Amino acid sequence: MIDFSRVQKELQDCSRDNDSSGIRVSPKADNLTRLTGTIPGPIGTPYEGGTFQIDITMPEGYPFEPPKMQFSTRVWHPNISSQSGAICLDILKDQWSPALTLKTALVSVQALLSAPEPKDPQDAVVAEQYIKNYQVFVSTARYWTETFAKNSSLEEKVKKLVEMGFGDAQVRSAIESSGGDENLALEKLCSG
Amino acid sequence: MQELINGLDSIIPEMLEDGGPPRVPPASKEVVEKLPVIVFSEELLKELGPEAECCICKENLVIGDKMQELPCKHTFHPPCLKPWLDEHNSCPICRHELPTDDQKYENWKEREKEAEEERKGAENAVRGGEYMYV
């Protein structure tokens with residue numbers, strides 16, 4: 001049985017100090033078994049400037065079993081599957097301890113972004129590139145960060161489309177009706 | 001053929017077991033039963049502050065709480081600690097290991113400890129040698 005009172009407390013603690021770390025945890029539904037974690041890409045790494053989302057599923061035995069974590073933002077890293085987002089990290093497996101929390105686990109995931117372990121890979125292709133061709137690895141990881149982990153804000157999207165010559169109100173309604181997808185909004189604006 | 005397969009079935013797990021460290025067994029029931037229980041007192045509250053909590057349930061400690069103390073001095077509510085020590089043998093905070101009832105695991109740990117000391121001994125020997133040349 002999940003200790004929901006503890007999960008609740010963890011969420012409160014997280015929202016209290018999210019300013020300093022940038023790490024956030026929020027529930028997906030109101031039953032607290034599925035959550036979303038957010039971590040900023042560490043400065044000085046190819047992930048800098050990106051915001052990475054992690055799907056969290058709470059197991060029945062929490063906190064005696066580790067939370068299941070998986071990147072939903074695509075990321076190019078030796079210990080994270082570029083296909084599924086699965087994470088290879090000991091504390092999420094046999095090194096879990098009930099003294100750890102969602103927050104400390106996410107801090108460890110963030111640290112993993114700074115310090116890849118290519119000898120214990122989750123994604124063999126990425127790990128091989130990391131070892132054999134580090135510069136190419138860095139630029140690929142950076143490109144993936146740019147492409148998948150930088151979600152520009154609504155205002156930035158509006159500004160961009162207005163600069164293309166569309167009216168402000170028209171742009172806002174197009175973005176809204178395309179669920180925030182900027183490319184889809186542009187298509188709508190062009191066709192209509 | 002079937003015999004061969006059956007033979008493999010018994011050999012493979014043994015081969016696998018021989019490799020890495022074995023699965024860590026739970027803490028010894030007897031040791032857990034004998035863990036000292038301390039009562040969270042006013043002095044402890046002063047010493048640890050009002051933010052002191054049980055690291056498993058994350059509840060703040062209140063005066064009168066019974067706490068089980070591990071040899072590493074970390075304390076937990078007994079009902080919080082029990083499910084963990086039923087499956088593992090380590091302190092949730094510092095991973096200090098408690099003895100287990102599993103002789104096989106204890107033997108393996110003993111061998112590891114000796115190997116570790118040997119490695120350290122070898123390192124020191126090299127270091128000692130370096131000093132001789134300085």
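Just so it is clear: chains get the letters A, B, ... in the order the sequence lines come, proteins before strands, and each one is counted from 1. Treat the numbers as computed from the prediction; the structure is a model and nothing was measured.
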message: Closer than 4.0 angstrom, basic N to acidic O: yes or no for R6(A) and E10(A)?
response: yes

task: Using a cut-off of 6.0 Å, state whether more than 12 heavy atoms not belonging to Y143(A) lie near its atom OH.
output: no

field: Electrostatic pair R16(A):D13(A) at N-O distance under 4.0 angstrom
entry: yes

task: Scan for salt bridge (Lys or Arg N to Asp or Glu O under 4.0 Å) pairs involving residues 51-69 of chain A, sequence neighbours excluded, and state none if there are none.
output: K28(A)-D55(A)

message: Please verify the inter-ring angle class for Y130(A) with Y134(A); under 30° counts as parallel, over 60° as perpendicular, anything in between as tilted.
response: perpendicular

query: Less than 4.0 Å between a side-chain N and a carboxylate O, is that true for E146(A) and R142(A)?
result: no

- request: Please list, in residue-number order, every residue in residues 28-40 of chain B that has a heavy atom less than 4.5 Å from any heavy atom of chain A; write 'none' if there are none.
  value: none

- prompt: Under 4.5 Å, heavy atom to heavy atom, which residues of residues 53-63 of chain B contact chain A?
  reply: C55(B), I56(B), C57(B), K58(B), E59(B)

query: In chain order, what residues pass the ring pair (Phe, Tyr, Trp, His ring centres under 6.0 Å) check against F71(A), with sequence neighbours excluded?
result: none

task: Sort out for me which residue in I175(A), V171(A), L186(A) forms a side-chain contact (heavy atoms from CB on, under 4.5 Å) with K157(A).
output: I175(A)

Q95(A), part contacting chain B, at a heavy-atom distance under 4.5 Å: both

statement: Correct closest heavy-atom pair for Q8(A) and L32(A) would be OE1-CD1, 3.6 Å

message: Checking side-chain polar atoms at under 3.5 Å, does T33(A) have a donor or acceptor matched by the opposite partner on N31(A)?
response: yes

